[in-house]
Amino acid sequence: MTQRALILFAHGARAASWAAPFERLRDLTQARQPEVRVELAFLELMSPRLPEVAAALIGDGILDLTVVPVFLGQGGHVLRDLPLMIDELRVAYPQAAIKVVEAAGENEAVLKALSDYCVSALA
């Protein structure tokens, strides 16, 4: 049984098509880590929301959760909204270990990949 989960946390939008690259990212990540449950959660405007995803995973007995904010920058949502949600989840589910990593756009490897893509546009 899967003991760990990775939650890709995105903003959400009114247009359903907006989620497509995040769904591809989820699927690519799941394929690379078949022993880990990979889920996509949204802050607003789309579902499932982060509290719903966390509750479902914990309900399935998965108590090791890592949240990856798939945001380019550490704006208000990542700096204020996400920590509040995580605090609420930790209170509601003290048996779970919930880790949050830096926003994807703050990571050097991600920035390098984006820079490579931008430079390749000149070719």
Side-chain angles (χ1 to χ4, degrees):
M1 179 179 140
T2 299
Q3 299 297 317
R4 299 169 62 203
L6 194 57
I7 302 171
L8 308 181
F9 178 65
H11 187 278
R14 285 180 182 82
S17 60
W18 178 90
F22 297 95
E23 291 165 348
R24 289 196 305 273
L25 178 62
R26 177 201 54 212
D27 296 347
L28 286 166
T29 305
Q30 184 66 78
R32 293 180 64 185
Q33 295 288 309
E35 73 285 357
V36 175
R37 186 129 145 228
V38 181
E39 299 287 347
L40 184 55
F42 300 99
L43 172 68
E44 58 189 11
L45 304 172
M46 300 185 118
S47 61
R49 303 277 179 88
L50 180 59
E52 297 165 29
V53 171
L57 291 166
I58 293 165
D60 287 347
I62 300 171
L63 301 178
D64 183 347
L65 310 180
T66 299
V67 178
V68 180
V70 283
F71 286 69
L72 273 181
Q74 301 251 63
H77 291 312
V78 174
L79 294 175
R80 288 188 300 276
D81 300 336
L82 180 57
L84 288 173
M85 281 191 266
I86 296 299
D87 287 347
E88 289 173 5
L89 289 171
R90 286 180 175 143
V91 168
Y93 306 103
Q95 73 276 30
I98 304 171
K99 177 174 80 170
V100 180
V101 299
E102 67 189 344
E106 300 288 325
N107 180 275
E108 286 302 315
V110 173
L111 290 174
K112 167 93 170 55
L114 285 169
S115 175
D116 289 347
Y117 172 71
C118 293
V119 169
S120 75
L122 296 169

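We're numbering straight along the sequence, starting at 1.
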For Ala41 and Val53 the tightest heavy-atom approach is CB-CG2, 3.8 Å

Between Asn107 and Ala109, is there a donor-acceptor pair closer than 3.5 Å when you use the side chain of the first and the backbone of the second? yes

Minimum-distance pair of heavy atoms, taken over all atoms of Ala54 and Leu65: CB-CD1, 4.2 Å

What's the separation between atom CD in Glu23 and atom CH2 in Trp18, rounded to the nearest 0.5 Å? 10.0 Å

Thr29 side chain vs Leu25 backbone, donor-acceptor pair below 3.5 Å: yes

From Glu35 CD over to Gln3 CD, what is the distance, rounded to the nearest 0.5 angstrom? 11.5 Å

Quick check: closest heavy atoms across Phe42 and Ala19, and the distance to 0.1 Å? CZ-CB, 4.1 Å

Is there a side-chain contact between Leu63 and Ile58 (heavy atoms, below 4.5 Å)? yes

Decide whether Val36 and Val101 are clustered together by the hydrophobic rule: side chain heavy atoms of Ile, Leu, Val, Met, Phe, Trp, Tyr closer than 4.5 Å, transitively. yes

For side chain to side chain contact (heavy atoms under 4.5 Å, CB included), just list the numbers for Arg37 and Asp60, CA-CA rounded to whole Å, side-chain angles, deciding distance to a tenth of an Å, and then say yes or no. CA-CA 11 Å; Arg37 186 129 145 228; Asp60 287 347; 2.9 Å; yes

Once rounded to the nearest 0.5 Å, what's the spacing between atom CG of Leu84 and atom CG of Leu89? 11.0 Å

Give, for atom CZ of Phe9 and atom CD of Glu39, the distance between the pair rounded to the nearest 0.5 Å. 14.5 Å

Considering all heavy atoms, the nearest Ala5-Leu57 contact: CB-CD1, 3.7 Å

Is Leu50 close to Ile86 at the side-chain level, that is, under 4.5 Å between some pair of heavy atoms? yes

Just so I know, are the side chains of Arg32 and Val38 near enough to count as touching, which here means a heavy-atom distance under 4.5 Å? no

Rounded to the nearest 0.5 angstrom, the OH-CD1 distance for Tyr93 and Ile98 is 9.0 Å

Are side-chain heavy atoms of Leu72 and Leu114 found at a separation under 4.5 Å? yes

Got a donor-acceptor contact below 3.5 angstrom from the Arg26 side chain to the Leu8 backbone? no

What are the two closest non-hydrogen atoms of Met85 and Pro51, and how far apart are they? SD-CD, 4.3 Å

Give, for atom CG of Asp81 and atom NE2 of His11, the distance between the pair rounded to the nearest 0.5 Å. 8.0 Å

Write out all pairs satisfying salt bridge (Lys or Arg N to Asp or Glu O under 4.0 Å) with one or both partners inside residues 107-123, taking only residues at least two apart or from two chains. Lys112-Asp116

